[in-house]
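Data first, discussion second: the structure below is written as C-alpha cells.
When a ligand or atom number is given, it counts from 1 through the structure's own listing order. Quick caveat: nothing in here was measured; it's all calculated off a predicted structure.
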Amino acid sequence: VSALPAEIIRKKRDGDRLTPAELKSFIAAYLDGGVADYQMSAFLMAVYFRGMDEEETAAFTDVMLNSGSVVDLSAVPGIKVDKHSTGGVGDKVSLILAPIVAACGVPVPMISGRGLGHTGGTLDKLESITGFRTNLSLKEYKEVLAATGCVMIGQTAEIAPADKKMYALRDVTGTVESIPLIAGSIMSKKLAEGIDALVLDVKTGRGAFMASRERSRELAQTLIRVGKRFGKTTTALITDMSQPLGHAVGNWVEVAESFDCLRGKEVPDLMEVTYALSALMLRSGGKAVTIAEGINRSKDAVQSGRALAKFREVVGRQGGNVEFIDHPHTYPVCKHIIHVKSPANGFVGECDALAIGFASILIGAGRATTDDAIDPKAGIMLLKKCGDRVAKDETLATILTDRAETAADAQERVARAYTIAPDAPKPVNLIHEMIDEHGVHEW
Ligand code: URA
C-alpha cells in the first residue's frame, strides 16, 4: 500500500528516515496536485527540524533531479563549469562571473533561482533587464550556450520542476535554512544542467542561511559529497556574508553595479569574491593551472572589455534590452528616495546583511508571499560599508522604492542594520577557506 501524505509528514516529523520510494511518491504527488501546498509546507518544516542523513539527502536530491530531465551538453565542446551561491544579500557575483569565465573560453550553462528568504536571486535580477527571457526551452538553452559560451535560465517544467515549486514555498514559510533542503535544491538544478564541474560559494555570517562557520562548512561538505556521488567535481569557497556584497541590494541596481564592475569599476569586496570563484572555475575548466593564473586571466577579461562584450551578447541573445547596459541611467526610477543618516561620528562597525535583506523585501525588491510581484527598480544603495569613516548626519544608505507605506519601516530597519563605533573595526576575512573532496584548505 502507498503511504498517505499525512503519514509521510508524520514519519519525518517524528524523526524517522524516509525511504527513496516515500520521497519519490510524496514529491511526485506534489507536482501532480495530490499533495497540497500546506502539506508540503508541513513536510518542509519537519525536514527543517529533523534533518536528513547522508543517504536520505542523496535520495532526496535524486528525486528532485529526476522530477525533470538531465540535459545532455556533450555536443557543446569544452569542460562545462557552473557556479552557485548558497544565498546572499547584494550577491550579484554570478552576473559578473559568468561572462568573465565564458570570455576566457570555459562554457557556463547556468540555471539559477529566484530570491529566497532574505536573499536575492539571480533570476529576478536578470529579469529586471527589460525583455530578458529566463524561461528558454531546452533547445534554445543549448543554442545560446553553443553560440555564446554562456546561458542563464531558471528551472522550467523540464529542469528540476520540483525545486521550482518547493523553492517558492520555502521562500515564504521560514524553511530555507536546512542543509538537506539546500543541498537538494542546489544540486538538483546543477546536476540537471549538463555541467562537468561545479564551484560553490558557501556563505557564512549573519546574512547567510548557515550563520556559523561550522554549519557553513557542514553545508559545503554535504554539497561536495552529493556532487561526488553524482560524478561531478565540486569545489567550494566559504565566504563572508555578514555584510552585503558591493553597494547595491535589489534587482536592477545590482545588474547596474555588475555592468559597472565589468567596465572595470573597482568594488573591492565584490570583485575579490568574483575573481576567486572565476579562478576556480577556470582551473576546473582547464583554462588555468593555478589559482593565481585564473585570477590574472579573469582580470584580463574585464580590463580588455571582453567580459562586458560577452554579457552584452548573452543579454541580446536572451531577448534583453541591450540599451540599458550601454545607458543604465535611462532605466525607470523609483518615486521615493529616502536617505538613512549616520547618528554619530565614527566608523561603520556593522552593516547587517540579514536586516538589509528583510528591508529590501519590504520596499518591493523581494517577495513576502509567493504571489508577490517584484519591483525591479526598488533597491537599497549602501554608500557606507564596514570600516568606512562617517560623520554625523552623513548618508549611510539610500532606499529606492515606490511603496510610500513601507518606507518608514524600511528606513528604521536600515538604520538599525548599521552600528557606528568610535574606532575602526578589525577587518573581517572575506574568503575563509576552500573545501574540496580531499578536505579543507587555507585560502
Ligand atoms: N540556492 C538554491 O538554489 N537553493 C537553496 O536552497 C539555497 C540557495
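- Where the criterion is an N or O separation shorter than 3.5 Å, residue side chain and backbone included, T86 fails it with respect to ligand 1.
- Protein heavy atom at the shortest distance from atom 3 (O) of ligand 1 is K189 NZ, 2.6 Å.
- Every heavy atom of G121 sits 4.0 Å or more from the atoms of ligand 1.
- Set against the non-hydrogen atoms of L116, the atoms of ligand 1 under 4.0 Å away are 5 (C), 6 (O), 7 (C).
- Judged by the 6.0 Å and 45° rule, K299 forms a cation-pi pair with Y275.
- Of all atoms in ligand 1, numbered sequentially from 1 with element shown, those under 4.0 Å from a heavy atom of R170 are 5 (C), 6 (O).
- Taking the six-membered ring for Trp and thresholds of 30 and 60 degrees, F324 and W252 have ring planes more than 60 degrees apart, a perpendicular arrangement.
- Residue-ligand proximity, S85 to ligand 1, at heavy-atom distances under 4.0 Å covers atoms 1 (N), 8 (C).
- Other residues, nucleotides and ligands contribute more than 12 heavy atoms inside 6.0 Å of the CZ atom of R263.
- No donor-acceptor contact under 3.5 angstrom links the side chains of H84 and D201, judged on distance only.
- Looking only at side-chain heavy atoms (C-beta outward), T398 and I380 stay at 4.5 Å or farther from each other.
- For the pair K165 and Y30, the cation-pi test (distance below 6.0 Å, angle within 45°) is passed.
- Residue-to-ligand polar distances place H84 within reach of ligand 1: an N/O pair is separated by less than 3.5 Å.
- Less than 4.0 angstrom separates some heavy atom of S185 from each of these atoms of ligand 1: 2 (C), 3 (O), 4 (N), 5 (C), 6 (O).
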